[in-house]
2 protein chains.
Amino acid sequence: MNNTNENINQKVKLDDVANEAGVSKTTVSRVLNNRGYISEKTRKKVNEAVELLNYHPNEIARSLFINKTFIIGLIFPTTNNPFYGQLIFHLENICESLGYKVLLCNSEGREDKEKSYLEMLQRHQVDGIIAGSHNRGILEYDNPQLPLVGIDRYLSENTPVVSSDNYDGGKKATQLLIDKGCKKIIHINGSPSLETPANLRREAYEDVMKENQYYPQSYVIGENVIETIFNENPDVDGIFASDDLIASSVMKEAKRRNINIPADLKVIGYDGSEITRMLLPELSTIQQPVKEIANLAVRLLLKQIEGETESQIEWKLPVNLIESETT
Amino acid sequence: MNNTNENINQKVKLDDVANEAGVSKTTVSRVLNNRGYISEKTRKKVNEAVELLNYHPNEIARSLFINKTFIIGLIFPTTNNPFYGQLIFHLENICESLGYKVLLCNSEGREDKEKSYLEMLQRHQVDGIIAGSHNRGILEYDNPQLPLVGIDRYLSENTPVVSSDNYDGGKKATQLLIDKGCKKIIHINGSPSLETPANLRREAYEDVMKENQYYPQSYVIGENVIETIFNENPDVDGIFASDDLIASSVMKEAKRRNINIPADLKVIGYDGSEITRMLLPELSTIQQPVKEIANLAVRLLLKQIEGETESQIEWKLPVNLIESETT
DNA sequence: CTTTTTATGTCAACCGGTTAACAGAAGAAA
DNA sequence: TTTCTTCTGTTAACCGGTTGACATAAAAAG
């Protein structure tokens, strides 16, 4: 509104800045990227022109040339879940602090969506992908050279996976229920056909049960499973749910049936996200170190992007048992 | 691993496909974009070459030329919040279904972050921005020509704002507490200095209170505010919190003080996101039509992107009162 | 056997930056 | 005054696609 003729409608470009400052395109580029010799006077002139014209360098053009976008693709089931919401928050935060942006993909655990997202991310030339979705194998063969890191999901033979120490978490949860005197402990988990490190929670549960001469009994989450569990096992007195949302459903159903928690039934979940802790503080749970997971995942990805190789594939971070009122 | 020489290391490009298929660059481009005359035979040859070489068109190069990225920037405080998590999920979903991708920005309500994100999104040539962050004015002057839509936040004089019918929600919540016999009703809200449509919740509260000859009393959320409220108002028997997380804190504090809900104190929140409903089903609340809000916001943004103008600025979507056990 | 339609090719400009190469001018040091 | 730094400019190639102009060949229609 103040100046002459340039910013009528078209986007301001490098040339316009050069003209305004009375220098060449090259000089402007040098100022903006701090390369070569530049006098203070010219630097100032250029910066003033940038200000005046409200110039924003076209990162697309830049990306094309330098063959790098500084964009990371995130593929997760959904932000509408306290654990993933928190994880994605931290991932984005860390990326941002390191100069990377984040393209968000909600796969909803659907193989077709994940596939098309993957294709899309490649087309968009993302520098790398962090995925915490299902479906081993999809990412694998399609995708030989793009830097990849998995969170709680195996993606291929040699892509790093970051997860909480699921086995230890499962052990701690089961042991707690046993210590609290539960006799009939049932485990509820996601589909074990998804080969995820989270299956170790169940494995630990089974091992601990057997060690203590108990009979392990697992149900896979699904329609009406919780009702079924109560119907088939009226004597159940301990439930280890493989995530907090399932645990909360268990609590709801117990309440409906007038089963007193923790007197008659003890419940422990898994995840311990901030939101669950806030809305359901009475739930005992195994808390994952979300921020540390995010941190490590990003660091491992950037290492790959920078061409460094890392031989370690599996990374396990320690969990934290939170004992609250449901046990 | 199967083929000849092309895919040793370098990314496959249009030229490689053209060579492989024995046609020209132009022809490949025509096949991929369905332009001009192409025989079935050539189309097939090209597609086979694309398959064989595992070619992914470089969207960056394409974007540069067509001057459009099909990327939408999302600026919200954090995905680590049930309401925003759900909103962002839907926004991404709708964008995806319309061929747009989403760059995620967690502003954490910080003015400096929002500013630098805005700058970043412009550099990345996003086609538009949907923002639900604080700070009226920031987006305004910096940003005259980029298509913008606000969710529950005024961004400038003439950027569309989509929100739930906050006034009606505030009215319904307050009226419910009155109907249930509450005599001393307190409202807790976010900082009113942020000029957001959410302030209408408070306005409605005050209006309804006055209409009923009650004295309206609002507190701004902050450190220890909830304790203060109970300390200063031992006779409080109704609380209308301007979001569900605050309501849950109120419930927690009431429990600590052995105040029985709903017998001695009735509580109602605002938002009614899926996660809160799941983890805290007993909380009465005003539910926002999250998916519809997302839908409308995206539609309004795309209209702007396509150059259509829309005179309506404020869009209010109906809320839904959920009466549960806390009232 | 023409004429028209359909199919394909070559060529070059373009999108908006970066960068290397080379040249020349001003200022400081010898 | 001469030489060496430091500063700035011009030019052109390049990143990987898209697109319009123009030419030509084959197939279909008249």
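Order of the sequence lines fixes the chain letters, A, B, ..., with proteins taken first and strands second; residue numbering starts at 1 for each chain. Just so you know, these numbers come straight off a predicted model, no measurement behind them.
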Would you call B:Glu119-B:Lys115 a salt bridge at under 4.0 Å N-O?
no

Would you please confirm or rule out a distance under 4.0 Å between OP1 or OP2 of C:dG16 and any side-chain N or O of A:Tyr55?
no

Could you tell me whether A:Glu48 and A:Lys45 make a salt bridge, using a distance below 4.0 angstrom between a side-chain N and a carboxylate O?
no

Would one find a side-chain N or O of A:Thr27 under 4.0 angstrom from OP1 or OP2 of D:dG9?
yes

Residues A:Glu59 and A:Arg62 bridged, charged N to O under 4.0 Å
yes

Base of C:dT18, side chain of A:Thr26 - is there a donor-acceptor contact under 3.5 Å?
no

Check the distance between C:dG16's P and A:Lys13's NZ and give it to me in whole angstrom.
4 Å

Criterion side chain to side chain contact (heavy atoms under 4.5 Å, CB included) on A:Lys13 and A:Asn58, from CA distance to verdict
CA-CA 8 Å; A:Lys13 47 173 97 168; A:Asn58 185 329; over 6 Å; no

Specify the separation, in whole Å, of atom CG of A:Asn67 and atom P of D:dA13.
21 Å

Look at the side chain of B:Leu64 and decide which nucleotide, out of D:dG16, C:dG9, D:dG9, has an atom nearest to it.
D:dG16

Please report, rounded to the nearest Å, how far the P atom of D:dT18 is from the CG atom of B:Asn34.
12 Å

What's the closest nucleotide to the A:Ala61 side chain, out of D:dT18, D:dG9, C:dG17?
C:dG17

OP1 or OP2 of D:dT18 versus the side-chain N and O atoms of B:Asn33: is any pair under 4.0 Å?
yes

At less than 4.0 Å, is any side-chain N or O atom of A:Arg35 found next to OP1 or OP2 of C:dT18? Yes or no.
no

With respect to the phosphate group of D:dT18, does any side-chain polar atom (N or O) of B:Ser29 fall under 4.0 Å of OP1 or OP2?
yes

Among the nucleotides C:dT18, D:dG9, C:dC15, which one has an atom lying closest to any side-chain atom of B:Phe65?
C:dC15

Whole angstrom is fine here: how far is it from CD1 in B:Ile66 over to P in C:dC15?
14 Å

Would you kindly give the CZ-to-P distance between A:Arg43 and D:dT6, to the nearest whole Å?
15 Å

Tell me: CG of B:Asp15 to P of D:dT18, nearest whole Å?
12 Å

Nearest-Å distance, CG (A:Leu14) to C1' (D:dA12)?
16 Å

Mind checking the CG-CD1 spacing from A:Leu91 to A:Ile72? Nearest 0.5 Å is all I need.
10.0 Å

Calculate the interatomic distance between A:Lys25 atom NZ and C:dG16 atom C1'; express it in whole Å.
7 Å

